[in-house]
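Okay, so here's the structure we're looking at.
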Number of protein chains: 2
Amino acid sequence: MTSPETRDTYHHGNLKNALVAAGLEILETEGLPALTLRAIAARVGVSHTAPKNHFGSLRGLLTAIAAEGFRRHAAFMREGLGAAPDRPARLRAAMEGYVRFATTHPHLFGMMFSPIHCDFEDPALVAAAGESFAVLAGISEGLDWDKGTGPDALLKTEMMLWSMVHGYAVLTMSGQMAGATGQDDLPGIAEIMPGFGYRPAPA
Amino acid sequence: MTSPETRDTYHHGNLKNALVAAGLEILETEGLPALTLRAIAARVGVSHTAPKNHFGSLRGLLTAIAAEGFRRHAAFMREGLGAAPDRPARLRAAMEGYVRFATTHPHLFGMMFSPIHCDFEDPALVAAAGESFAVLAGISEGLDWDKGTGPDALLKTEMMLWSMVHGYAVLTMSGQMAGATGQDDLPGIAEIMPGFGYRPAPA
DNA sequence: GGGCTTATCTTTCCAACGTAAATATTTCCG
DNA sequence: CGGAAATATTTACGTTGGAAAGATAAGCCC
């Protein structure tokens, strides 16, 4: 996917996308500390100052990479939704997709939620993150729990689900959950989520 | 608390503690990106290579700072416990202490859970983090929910509470929760936690 | 199709960073 | 008192992101 180390034309032609793709590759193979401006540019075959024209700074490039990460993240969450027979199963599938993305792409996932690396004010990133959040919002409606009917019911439900699954993903992935509990084999996200039911579907 | 910029003796005398204290100060005033080896050393008044004798590397020093962070984190969680009249109130107090620490010391909190900066294998860090986890463990016992009695009941309860409160803290603090929901004024941790009750105290 | 404008990329340079190695100073302890 | 160990400094090095200036290509208008 990424262009080779050399090229015949002075202009790359598709540098913006190539840089994002190269960054994703580096994240997968070498991790976050190796994700330097110079390394990304070298992989595409351009000078280390070339990205500045498209992204302004390293932070800008990382933000674009994170945005692509959120799109894939949303795709992971949506993956099991089709096969789910009912709403509780959909809830479970989305949560497990969330965690599966984190464990499959740990470095990318870590960067996507790091204020040091990403600019959460960036409109493109906000939009991409909203794509993931929308999946959560979709399964939040009608969830039956003690705050599922009052004021801000939907907002509270979304926040509760997001907080739980995100905390689980972060803490297990970093090894802190294993370290603090002393357990190697930890329960999955479905095993630590209260068994929420759903109120009858609206109409 | 920290030594002044100059000193009369060749040996500092208490460099190890002074470096940790200086690091904490920098985190409060200038944030995580400013927490460099050279900046910490300069604040204490030693050369930027002096910390190596005590901590090995920058990562080692940051790990020690994080450990002190976890001790203070545990103190925040314990703070409201005494005044709580019953067990549900204790649960709420601990959760709110967790979040209050994160909002009061955002940069320190962020570093404490960053595998890039800290070495989660370090015994001192594991011990300090365990101190925080112990507070959670203390309020997990007897919590009444659908997984509160089966196998690994206590472990699952601890993991559920920790995941929820940690996810909430991270996502609200980074601004992502506000960004994705479009809400400025978000519900507190107590408002998005299921209203757990407790089974009768054991004897 | 000639010429101006703009976008894109390179080259060069710089300050700041973490770390290594060699050296200086102090303390500890026999 | 004296050598060993601990502690801190000096110097140097390779790497990083970014700024500045110049080179090259593309777009576009007449």
Side-chain angles (χ1 to χ4, degrees), chain A residues 2-23 26-27 30-66 107 111 114-119 122, chain B residues 2-23 26-27 30-66 107 111 114-119 122:
Chain A
T2 308
S3 298
E5 292 174 9
T6 60
R7 65 185 200 281
D8 43 356
T9 58
Y10 187 89
H11 277 21
H12 182 280
N14 194 21
L15 184 54
K16 199 165 183 175
N17 292 331
L19 287 170
V20 171
I26 292 177
L27 272 177
E30 305 175 57
L32 190 45
L35 194 65
T36 68
L37 199 50
R38 295 173 117 101
I40 302 172
R43 178 173 275 254
V44 176
V46 296
S47 72
H48 80 278
T49 54
K52 179 159 194 170
N53 300 307
H54 301 278
F55 300 102
S57 68
L58 170 64
R59 190 181 174 81
L61 173 50
L62 298 190
T63 301
I65 295 173
H107 301 110
M111 198 198 68
S114 162
I116 304 175
H117 300 91
C118 301
D119 175 17
D122 180 78
Chain B
T2 309
S3 298
E5 292 173 8
T6 60
R7 65 185 200 281
D8 44 356
T9 57
Y10 186 89
H11 278 21
H12 182 282
N14 195 21
L15 184 54
K16 200 164 183 175
N17 291 332
L19 287 171
V20 171
I26 291 177
L27 272 177
E30 304 175 57
L32 189 45
L35 194 64
T36 68
L37 200 51
R38 295 172 119 99
I40 303 173
R43 178 172 276 256
V44 176
V46 297
S47 73
H48 77 280
T49 54
K52 179 161 195 167
N53 299 308
H54 300 277
F55 298 102
S57 68
L58 169 64
R59 190 181 173 80
L61 173 50
L62 298 191
T63 301
I65 295 173
H107 301 109
M111 198 199 68
S114 164
I116 304 174
H117 301 91
C118 300
D119 175 17
D122 181 78

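Proteins get letters first, then strands, A, B, ... in listed order; numbering begins at 1 in each. Keep in mind the model is a prediction, meaning the values are calculated, not measured.
A straight line from CD1 of A:I40 to C1' of D:dT15 spans 15 Å, rounded to a whole angstrom. One atom, CG of B:L58, and another, P of C:dA16, lie 17 Å apart when rounded to the nearest Å. C:dC14 atom P lies 17 Å from atom NZ of A:K52, rounded to whole Å. Rounded to whole angstrom, the span from the NE2 atom of A:H48 across to the C1' atom of D:dG18 amounts to 7 Å. Taking atom CG of residue A:L37 and atom P of nucleotide C:dC9, one finds them 14 Å apart after rounding to whole Å. Spacing between atom CG of A:L35 and atom C1' of D:dG17 amounts to 13 Å, rounded to whole angstrom units. The distance from atom CD1 of A:I26 to atom P of D:dT16 is 11 Å, rounded to the nearest whole Å. Rounding to whole angstrom units, NZ of residue B:K16 and C1' of D:dA8 are separated by 16 Å.
Distances from the side chain of B:R38 to the nucleotides C:dT19, D:dT9, C:dG18 place C:dG18 closest. The side chain of B:A50 lies closest to D:dA8, out of C:dG18, D:dG17, D:dA8.
Contact check for B:E30 versus B:L35: no side-chain heavy atoms found under the 4.5 Å cut-off. Taking the side chain as every heavy atom from C-beta outward, A:L61 and A:I65 approach each other to under 4.5 Å. Residues A:I116 and B:H117 have side chains in contact (heavy-atom distance under 4.5 Å, counting atoms from C-beta outward).
Residue A:T49 is classed as a base contact, given a heavy-atom separation below 4.0 Å to a base.
For C:dC9, the OP1/OP2 oxygens have a side-chain nitrogen or oxygen of A:H54 closer than 4.0 Å.
Across all their heavy atoms, B:C118 and B:M111 have their closest contact at SG-O, 3.1 Å.
Under 3.5 Å, the side chain of B:N53 and the base of D:dA8 form at least one donor-acceptor pair of N or O atoms.
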